[in-house]
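Since the structure comes first, as structure tokens, the remarks are kept for the end.
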Amino acid sequence: MEPEFLKRKMEIILREKIRDAVKALYNSHVADELIQLQETRKDFKGDFTLVVFPLLRFSKNTPEQTGETIGNYLVGNYNVIAGYNVIKGFLNLEIADSWWLEYFGKTAILKNQLGNCKVASPQTILVEYSSPNTNKPLHLGHIRNNLLGFSLYRILSICGHNVIKTNIVNDRGIHICKSMLAWQKFGNGETPETTGIKGDHLVGKYYVLFEKEYKTQIEDLVRCGIDENEARNSAPMMKEAREMLLKWEAGDTEVVELWKRMNSWVYAGFDETYKKLGVDFDKIYYESQTYKHGKKIVQEALEKNVLYSNEDSSIWADLTADGLDQKLLLRSDGTAVYMTQDLGTAVDRYNEYRFHKNIYVVGNEQNYHFHVLKALLKKMGYPWHDGLYHFSYGMVELPEGKMKSREGSVVDADDLIVEMIETAREVSLELGKLSDFTPEEKEEIFRKIGLGALKYFILKVDPKKNMTFNPVESIDFNGNTGPFIQYTYARIKSVFRKAEETGLNEKPGLLADVKAGEKEIVLIKLIRKFPERVSEAAEGYSPALVANYCYELAREYNQFYHDYSILGENDESVRNLRLALSRVTGEILNTGMWMLGIEMPERM
RNA sequence: GGUUCCGUAGCUCAGUUGGAUAGAGCAGCAGCCUUCUAAGCUGCGGGUCGAGCGUUCGAGUCGCUCCGGAAUCACCA
């Protein structure tokens with residue numbers, strides 16, 4: 001049997017009481033939006049604050065006097081309100097400690113703390129993320145993409161949605177031909193096996209080699225007096241790459257075989273990186289397949305006169321009515337562009353999953369592209385176009401600006417992961433707390449901490465904003481970081497190991513009539529916010545809200561841990577409350593970090 | 001040039017539908033381990049929230065105009 005306050009939030013009850021108060025005191029009905037209730041700021045005494053300015057129209061009195069009158073009424077008519085104070089136009093209401101304790105007592109026994117974050121009507125949601133090109137390894141930008149996509153999947157799932165993780169691999173086009181060509185010319189038959197180089201890095205090496213050779217050819221041509229643009233076009237490397245692309249599209253056996261072979265190297269490499277990052281997919285799409293369907297869709301739309309054809313037989317959409325521009329969908333030679341395949345992919349996905357939402361985790365540099373994609377689907381008469389959502393995240397920049405592949409200023413994903421684990425190892429060994437662990441156990445802890453630091457660093461930032469990564473300063477392990485939260489968790493685990501040894505275990509049902517301290521009430525209030533924060537994160541597509549909540553909770557817990565003794569407390573009911581608070585905090589931190597894809601060590 | 005986004009402490013970032021005296025961390029300085037993990041805790045200094053005007057009882061938050069930065073506007077992806 002759940003008590004009233006578990007089914008109905010305190011805020012809702014308070015609003016009702018305030019409405020009653022205004023009715024009784026001023027004989028007026030208050031519209032809901034005029035009752036402005038918020039949490040009381042830390043520097044003031046109280047739990048909830050009523051902003052009284054909007055109510056002056058009823059009281060026809062000063063803000064102070066109105067606050068006093070309403071506060072007095074509430075204390076007299078609702079025993080959960082233990083007191084109030086009025087500062088300027090703000091009425092601060094104090095909820096009785098007994099209420100918080102009763103609340104905590106009832107919720108602490110629940111299997112998980114997520115209660116009301118479940119949505120009323122679950123949806124089928126596709127989350128597309130990662131979306132790599134097959135000509136070079138993943139870098140820091142992809143890491144942000146992968147972590148955001150995967151975390152979004154977990155947050156939406158935990159709220160009850162049916163979420164499908166998808167990936168679209170850009171496996172065709174001129175870029176992969178460049179790597180192939182360079183490998184043919186300079187590769188001497190090198191493979192990941194013969195060189196020991198990870199497949200994606202090996203292919204990336206030839207992409208760089210192509211660009212290098214191509215550049216010298218352009219320079220040579222320019223020196224011979226040829227215009228730079230002309231040189232770009234006529235450089236032999238580029239000509240050969242284009243020829244190779246034509247051969248690929250024509251199904252030339254030798255080219256297709258090489259393409260398959262080199263892509264397979266890349267996929268093996270990607271799989272390794274994905275595995276290290278802890279992300280995976282339910283369904284992978286390949287552009288080399290979806291672009292064909294895209295072409296068909298474009299042809300059909302042309303026949304229905306939704307699109308138009310130019311004299312050179314290229315096919316276009318006129319989106320000026322939507323405030324956009326003319327958009328090319330098929331080149332004059334009949335080949336597909338990027339948008340063509342995205343149309344095909346979207347339709348394929350809808351046919352396969354009948355999704356409510358199709359979320360694209362793609363950088364904000366492609367905002368225009370997704371506007372156009374949505375407008376096109378609408379124009380072509382797909383009613384589900386409304387379900388498309390571009391989760392537009394900001395770029396990861398270096399202190400000196402944007403990462404540039406061609407200038408070699410990219411932060412490689414594999415390198416960064418290794419570095420993070422190395423740093424975790426150094427820090428851990430210096431602190432020397434793991435001496436009784438086996439080498440394997442230690443490695444596992446270093447891995448969790450290193451990756452925890454990296455993931456938290458990325459995910460704590462509002463996804464919409466660009467962020468800066470400084471490779472020199474690297475990523476911290478103190479303060480608002482993943483390891484800080486992991487450490488808090490490990491501390492809690494340590495308390496329970498000790499409790500086990502000494503027999504001072506938590507006893508269910510001992511939470512009534514405890515005399516609680518200030519920090520304990522603060523913790524209870526913060527714990528109570530967890531499901532709400534998760535809902536906000538799901539609705540706002542923001543893992544950062546979960547990350548920052550976890551930090552807030554860990555910080556609060558550490559203060560509590562520092563100020564109060566848990567197992568050293570002699571009063572059994574107080575000790576039991578502290579154990580329950582520790583356990584629930586640990587559970588929430590574990591679940592919260594799980595939503596970010598961060599693993600928690602039992603010890604560190 | 002058109003469109004979109006962003007400017008908060010030296011640095012990296014928080015800041016709910018507009019609410020009180022704008023918060024953390026890092027870096028700097030000063031303290032706290034015979035007691036459950038010091039990857040922690042406490043304190044100090046640090047701000048014209050890019051600038052100005054407007055709406056409002058009230059603006060970091062909303063509107064307009066500037067200044068600065070980014071992205072995009074390809075028969076590239």
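Values below: every heavy atom of this structure, side chains too, minus hydrogens, waters and symmetry copies. Chain identifiers are assigned alphabetically (A, B, ...) following the order of the sequence lines, protein sequences preceding nucleic acid strands; residue numbering begins at 1 within each chain.
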With sequence neighbours excluded, tell me which residues meet salt bridge (charged side-chain N to carboxylate O under 4.0 Å, His left out) with A:R15.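 A:R15: salt bridge (charged side-chain N to carboxylate O under 4.0 Å, His left out) contacts with A:D32.
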Considering only heavy atoms and no angle criterion, is a donor-acceptor pair shorter than 3.5 Å present between the side chain of A:T481 and the base of B:A39? no
Is a donor-acceptor contact shorter than 3.5 angstrom present between the side chain of A:T488 and the base of B:A39?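 A donor-acceptor contact between them is absent.
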Using heavy atoms to find the nearest nucleotide of RNA chain B for A:K529 and A:S314 separately, return the residue whose nucleotide is more 5′.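 Whichever sits nearer the 5' end wins; that is A:K529.
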N/O contacts under 3.5 Å, protein versus nucleotides 41-45 of chain B?
| residue | atom | partner | partner atom | Å |
| --- | --- | --- | --- | --- |
| B:C41 | O2' | A:H562 | ND1 | 3.0 |
| B:U42 | OP1 | A:Q559 | NE2 | 3.2 |

Members of residues 324-342 of chain A that approach RNA chain B, where some heavy atom sits under 4.0 Å away: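 Of all residues in residues 324-342 of chain A, the ones placing a heavy atom under 4.0 Å from RNA chain B are A:L328, A:R331, A:S332, A:V337, A:Y338.
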What interatomic distance, in whole Å, is found between C1' of B:G15 and the corresponding atom of B:G19?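 So the two C1' atoms sit 13 Å from each other.
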C1' atoms of B:G31 and B:C67, separation to the nearest Å: 45 Å
ring-ring contact (aromatic ring centres under 6.0 Å, His included) partners for A:Y551, two or more places apart: A:F484
Can you see if the side chain of A:Y368 gets near the phosphate of B:U72 - specifically, an N or O under 4.0 Å from OP1 or OP2?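 It does not, given that no N or O in the side chain of A:Y368 lies less than 4.0 Å from OP1 or OP2 of B:U72.
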Mind telling me if B:C33 is syn or anti? Syn here is a glycosidic angle within 90° of 0.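 For B:C33, whose glycosidic angle is within 90° of 0, the conformation is syn.
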Please list, for nucleotides 56-62 of chain B, all pairs of protein and nucleotide N/O atoms separated by less than 3.5 Å.
none

Kindly give the atom pairs (protein nitrogen or oxygen, nucleotide nitrogen or oxygen) under 3.5 Å for nucleotides 6-15 of chain B.
| residue | atom | partner | partner atom | Å |
| --- | --- | --- | --- | --- |
| B:G7 | OP1 | A:K465 | NZ | 3.3 |
| B:C13 | OP1 | A:T468 | N | 2.5 |
| B:A14 | OP1 | A:D462 | N | 2.5 |
| B:A14 | OP2 | A:K465 | NZ | 3.3 |

